[in-house]
Amino acid sequence: MTDHQALIPLIDVPKHLPKRKGKRVNISSVYRWVNRGLSGVRLDTQAGPYGTYTTQASLDRFWQEVTVARRHRSVICEVNASTAHKRAMKQLDGLLT
C-alpha cells in the first residue's frame, strides 16, 4: 500500500462497497477477509495510529484476485468432474461387459 492513497478505516469499508439485496456488507466479513481471506485471497491493510486501514486500490485488487481465484477453482472443478465422469463410465462399461 502506498502512502499517497486515501486510507479507509476498516470500519468504513462497507460504505465503499456496493449493497447486496439492499444491505451493506457486515463489518465481520471485512475482518474475516483481512484475517482468513476469501477464496485464498486476503485484503491488504496497514496499521495506523488509530486502527487498521485499507485503500480503494487494495479493495479493487482484492476483488479482482478473488474473481480470478474463483474462476480458476471453477475450471478445476469442471476438469475434475469430467475426469470422474469418464472414470465412472469406464467402470460401468466394465461391469456391463
Take Val41 and Phe62 through the test side-chain contact (heavy atoms from CB on, under 4.5 Å) and record every step on the way to the result.
CA-CA 7 Å; Val41 181; Phe62 173 74; 3.7 Å; yes
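Atom CD of Gln46 and atom CG of Leu10 lie 11.0 Å apart (nearest 0.5 Å). Atom-to-atom distance recorded for Thr45:OG1 and Trp33:CH2 is 13.5 Å, nearest 0.5 angstrom. To the nearest 0.5 angstrom, Leu59 atom CG is 5.0 Å from Thr54 atom OG1. Remark: Thr55 OG1 to Arg61 CZ distance equals 6.0 Å, nearest 0.5 Å. Going from atom CG of Asp12 over to atom CG of Leu17 covers 11.0 Å, rounded to the nearest 0.5 Å.
Listed here is the closest heavy atom pair of Leu38 and Trp63: CD2-CZ3, 3.9 Å. The shortest non-hydrogen separation linking Ser39 to Arg70 is OG-NE, 3.1 Å.
Cluster membership check: Tyr53 does not share its hydrophobic cluster with Ile27, using side-chain heavy-atom separations under 4.5 Å among Ile, Leu, Val, Met, Phe, Trp and Tyr. At a threshold of 4.5 Å between side-chain heavy atoms, the hydrophobic network of Ile, Leu, Val, Met, Phe, Trp and Tyr places Ile11 and Val13 in one connected group.
In this structure, the side chains of Pro14 and Val30 come closer than 4.5 Å at one or more pairs of heavy atoms. No side-chain heavy atom of Leu7 sits under 4.5 Å from any side-chain heavy atom of Gln56.
Checking side-chain atoms of Asn35 against main-chain N and O of Tyr31 turns up a donor-acceptor pair under 3.5 Å. No donor-acceptor pair closer than 3.5 Å links the side chain of Arg24 to the backbone N or O of Lys19.
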